[in-house]
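Working notes, structure below.
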Amino acid sequence: MAYDADVIVIGAGLAGLAATAELVDAGRKVILLDQEPEQSLGGQAHWSFGGLFLVDSPEQRRLRIRDSHALAWQDWLGTAGFDRPEDRWPRSWAEAYVDFAAGEKRSWLHRQGVRFFPVVGWAERGGYGATGHGNSVPRFHITWGTGPGLVAPFERRVRAGAARGLVDLRFRHRVTGLSRSAGSVDTVSGEILQPSDVERGRPSSREVTGAFELRAQAVIVTSGGIGGNHDLVRANWPERLGTPPERMLSGVPAHVDGKMLGIAEAAGGRIINRDRMWHYTEGIDNWNPLWPMHGIRILSGPSPLWLDARGKRLPVPLFPGFDTLGTLEHLMRTGHDHTWFVLTRKIIEKEFTLSGSEQNPDLTGKSVRDVLGRARAGAPGPVQAFMDRGADFVVERSLTGLVRRMNELTGKSLIDEAALRDEIVARDREITNPFTKDLQVTAVRGTRKYLGDRLIRTAAPHRLLDPKAGPLIAVRLSILTRKTLGGLETDLSSRVLTDDGGPLPGVYAAGEAAGFGGGGVHGYRSLEGTFLGGCLFSGRTAGRAAARAVD
C-alpha cells in the first residue's frame, strides 16, 4: 500500500503548526488534520494572552531583573514537585525546556518576527520560601500581538509549505482510530464532518458526511487536552483537591474534549499523570460568550481582598497572582465553588487585566497608542464592559449595599456585613502604618519596588473604605477549566511510549496531548507562560524527530 504522506499531524493548534513547519523545513510531505473548520487554525493559542516564559532576557535586563538558568531551574523544581516513578521523562523534559527558555528560545522566535511587550509580568509568585512554588522574579513575556501574534509566523510557514505542495490542510476531519498495516502505526481513520462557517470558537456541526483513511510513515498527535469536557475533568479530578466542583466555567471551546487521547491510548500509547491539571479560580462569566459556559480569567494585581464564599479572607499566601492551585485546593475545602474579590475603583483601574487575545485589543492589534492609553485614568474598555454588563460584578458606594447585593447574587445570605467590615477596617489600619503584620500589605508594597508593577500593575496602597478611592466593587469568581498537565508519555524525541516503556512505533505526541512534553513537564503546578512555549518546544521536537525517522 502506498503512503499518502510522509507524516500525518493530528491537530492544527500551535504544537501541530510548529511540528508541521519543521517537517516542511526538512522537505517532508505532511497531511495536517483538524476536526474544526479552517477559521479555527491555531487552536487555543489564538485565544491566549501570548505569555511566554523566558529566562535572562533583554526585556528582563532592561528592567533590572536579575535572572539565571540556575534560579529558573530552582523555581521549576520547587513548583513541579516531581515525586512519582513516572516523572522520569517529565523531569528530563523540564530540564530540556528550561535550557531552551534560557537559551535559544527568544532568538529562535525573534528570527521569525515575534516581538515582546517591554514590561515583563510577574505571575505565580508563590510565597512559600526560596525552594517552594513560584517565580522568584518576573518572567512572563507578553507577545506583541498576543496569541494571534505568536501563531502567525508558524501559520505562515505552514501555508508556505502548502504552496510548495508539501502540506495538505484537511479541516473537518475527525480522527476516530489509529492502526497498523505493517509493524508500526501508519493508518489514521476517521469521519469527515459537514463544512462549517461558524465564527472561531463557536460550536461547529457534528454531522458526518463521509469517512477517510490515510497512511503515512509517522503520526504526530497534537490534539490538545480535556478542558472543554467537564465530565472528563471530573473523572480525572485529583483526590488532593477534594470533591470536584458542581459548577465550572470553560476556558476553552467545547471541542477540546480529550477524545484523541483515548484513541492514542487504545492504539497502545501510555497516558500518565491524568490527575494533574491546571484550572483557575478567578473565572467570570463572559457576558458575550462564544462557546458553552465561556469564562474569562481575571489577571489581577495583588491588592484585592480575596474572600471565600462566606466572606472570610483567604489564608497567607493565597493572594491574587501567587498560587493558583493552592487557592483551588483551599477553595474545595470550603464546601463552595466560588470566592470573591473586594476592591475599589482605584484598584480595578490599575490592576485588572482580562486574560485572552479578544480581551486585550490594544496588545492584540499591536496599537502603541491604545497601549499607552492604559496609563490614563479609568478602567480599561474590556474591564469596564464587564463592570457594566457582567453578571459577576457588584458596584456600590457603601459596604452595606455591597454586601446586600453580593448575597442577592448568590441567593444565599452567606456574608455577614459586620464581620466583613471588621476585616476590612483591620486591613485598612495596617495600610496607614509604615509597619505591618499583614503579609498581603507587605506583598503589595514589595511589588511596587518593581518598576513594571509600579507602572501598570499595582495601585498605590490605600484604604478600601476611603470614599475617594471608591466606589467599592465585588467580583464573584468561579472555577475555570483550562489545561491538562498530564498526557501521553514521550521520550526526549517525542516518541509516544507504551506500558512496557518502549516506543509505540510510528507515533509521536506534542503539546497538551503530551502534557507539553514527557507526559507532564510541569509536574503538579505551572510557573505560567509555559503552556505556549511548551507547545512550541515539544511541537518543534516532534517535527524534527519525525522528519529524521521517515525515509
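Because the structure is predicted, anything quoted here is derived from the model rather than measured. The first residue in the sequence is number 1, and the count goes up from there.
- Atoms CG and CD1, from Leu32 and Ile220 in turn, are 10.0 Å apart once rounded to the nearest 0.5 Å.
- Applying the side chain to side chain contact (heavy atoms under 4.5 Å, CB included) criterion to Leu318, with sequence neighbours excluded, gives Tyr128, Leu314, Pro315, Asp323, Thr327, His330.
- Proximity of Trp93 to Ser538: side-chain heavy atoms (C-beta onward) are separated by under 4.5 Å at one or more points.
- Between Leu477 and the options Thr339, Thr281, Leu249, Asp392, a side-chain contact (heavy atoms from CB on, under 4.5 Å) holds for only Thr339.
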Inset, instruction - Kindly indicate, with the supporting measurements, whether the criterion salt bridge (charged side-chain N to carboxylate O under 4.0 Å, His left out) is fulfilled by Glu36 and Arg170. - result: CA-CA 10 Å; Glu36 294 307 300; Arg170 299 196 187 187; over 6 Å; no

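- Shown here are the side chain to side chain donor-acceptor pair (under 3.5 Å) partners of Tyr280, two or more places apart in sequence or in another chain: Trp278, Glu528.
- Between the side chain of Arg125 and the backbone N or O of Phe319, no donor-acceptor pair lies under 3.5 Å.
- Between the Lys259 side chain and the Ile226 main chain, no donor and acceptor come within less than 3.5 Å of each other.
- Inter-residue side-chain proximity for Arg457 and Thr447 is flagged as unmet; no heavy-atom pair is nearer than 4.5 Å.
- Phe516 and Cys535 make their closest contact through CE2-SG, 3.7 Å (heavy atoms, listed as atom of the first residue, atom of the second, distance).
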Inset, instruction - Give the intermediate values and the outcome of side-chain contact (heavy atoms from CB on, under 4.5 Å) for residues Val114 and Leu150. - result: CA-CA 7 Å; Val114 175; Leu150 188 59; 4.2 Å; yes

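- Residues passing the side chain to side chain contact (heavy atoms under 4.5 Å, CB included) test with Ala545 are Ser493, Tyr508, Arg548, sequence neighbours excluded.
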Inset, instruction - Test Arg525 against Thr324 for side-chain contact (heavy atoms from CB on, under 4.5 Å), laying out the working first. - result: CA-CA 8 Å; Arg525 285 184 168 104; Thr324 294; over 6 Å; no

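- For His294, the ring pair (Phe, Tyr, Trp, His ring centres under 6.0 Å) partners two or more places apart in sequence, or in a different chain, are Trp291.
- At a threshold of 4.5 Å between non-hydrogen side-chain atoms, the residues Ile284 and Leu354 count as touching.
- Between atom NE2 of residue His255 and atom CZ of residue Arg202 there is a gap of 14.0 Å, rounded to the nearest 0.5 Å.
- The two atoms that bring Gly50 and Leu532 nearest to each other are CA-CD1, 3.6 Å, heavy atoms only.
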Inset, instruction - Could you give me the CA-CA distance, side-chain angles and deciding distance for Val24 and Val158, then say whether side-chain contact (heavy atoms from CB on, under 4.5 Å) is met? - result: CA-CA 7 Å; Val24 168; Val158 169; 5.9 Å; no

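- Here the side chain of Thr481 pairs no donor or acceptor atom with the backbone of His279 at under 3.5 angstrom.
- Taken to the nearest 0.5 Å, the CE atom of Met387 stands 13.5 Å off from the CZ atom of Arg389.
- Between the side chain of Ser48 and the backbone N or O of Ala45 there is at least one donor-acceptor pair closer than 3.5 Å.
- Atom CG of Leu232 sits about 8.0 Å away from atom OG1 of Thr484, to the nearest 0.5 Å.
- For the salt bridge (charged side-chain N to carboxylate O under 4.0 Å, His left out) condition, the pairs that include at least one residue of residues 45-57, sequence neighbours left out, are Asp56-Arg61.
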Legend entry - Test log, rule side-chain contact (heavy atoms from CB on, under 4.5 Å), inputs Phe386 and Ile298: CA-CA 11 Å; Phe386 270 90; Ile298 295 173; over 6 Å; no

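- With sequence neighbours left out, Arg482 forms a side chain to side chain donor-acceptor pair (under 3.5 Å) with no residue at all.
- In terms of heavy-atom proximity, Thr490 sits nearest to Ala514 at CG2-CB, 4.1 Å.
- For Phe53, the ring pair (Phe, Tyr, Trp, His ring centres under 6.0 Å) test picks out Trp76, with sequence neighbours left out.
- In this structure, the side chain of Arg174 does not engage the main chain of Leu193 through any donor-acceptor pair within 3.5 Å.
- Legend: residues meeting ring pair (Phe, Tyr, Trp, His ring centres under 6.0 Å) with Trp89, ordered by chain and number and at least two apart, are absent.
- Summarising the geometry of Ser478 relative to Arg247, their closest heavy-atom pair is OG-NH1, 2.7 Å, with the distance given to 0.1 Å.
- Judged by distance alone, the side chain of Arg297 and the main-chain N or O of Glu282 form no donor-acceptor pair under 3.5 Å.
- If you take CG on Leu23 and CZ on Arg28, they are separated by 8.5 Å, rounding to the nearest 0.5 Å.
- Residue Arg111 places its CZ atom among more than 12 non-hydrogen atoms of other residues, nucleotides or ligands, all under 6.0 Å distant.
- One finds a salt bridge joining Glu59 and Arg106 here, because a Lys/Arg side-chain nitrogen approaches an Asp/Glu carboxylate oxygen to under 4.0 Å.
- In terms of heavy-atom proximity, Gln60 sits nearest to Pro138 at NE2-O, 2.8 Å.
- Here His230 pairs with nothing under the ring pair (Phe, Tyr, Trp, His ring centres under 6.0 Å) rule; sequence neighbours left out.
- Nearest heavy atom pair, residue His69 against residue Ala102, reads CD2-CB, 3.9 Å.
- The backbone N or O of Ala12 lies less than 3.5 Å from a partner atom in the side chain of Asp34, making a donor-acceptor pair.
- For Ser355, the side chain to side chain donor-acceptor pair (under 3.5 Å) test picks out no residue, with sequence neighbours left out.
- Taking Asp257 as the reference, nothing meets the side chain to side chain donor-acceptor pair (under 3.5 Å) condition, with sequence neighbours excluded.
- Put simply, the side chain of Gln440 gets close to the backbone of Pro302: a donor and an acceptor are under 3.5 Å apart.
- In this structure a side-chain-to-backbone donor-acceptor pair under 3.5 Å is present from Glu351 to Ala459.
- A 4.5 Å side-chain heavy-atom check between Tyr524 and Leu325 finds every atom pair outside the cut-off.
- Between the side chain of Thr344 and the backbone N or O of Ile347, at least one donor-acceptor pair lies under 3.5 Å.
- Pairs of residues two or more places apart, or lying in two chains, that qualify as salt bridge (charged side-chain N to carboxylate O under 4.0 Å, His left out) and include a residue from residues 133-161 are Glu22-Arg157, Asp25-Arg157, Glu38-Arg159, Asp67-Arg139, Asp75-Arg139, Glu155-Arg159.
- At a threshold of 4.5 Å between non-hydrogen side-chain atoms, the residues Gln112 and Phe154 count as touching.
- Trp122 and Phe140 have their aromatic ring centers separated by at least 6.0 angstrom.
- Distance check, rounded to the nearest 0.5 Å: CH2 of Trp47 to CG of Leu290 gives 4.5 Å.
- You'll find the side chain of Gln35 stays beyond 4.5 Å of the side chain of Ser204, heavy atoms only.
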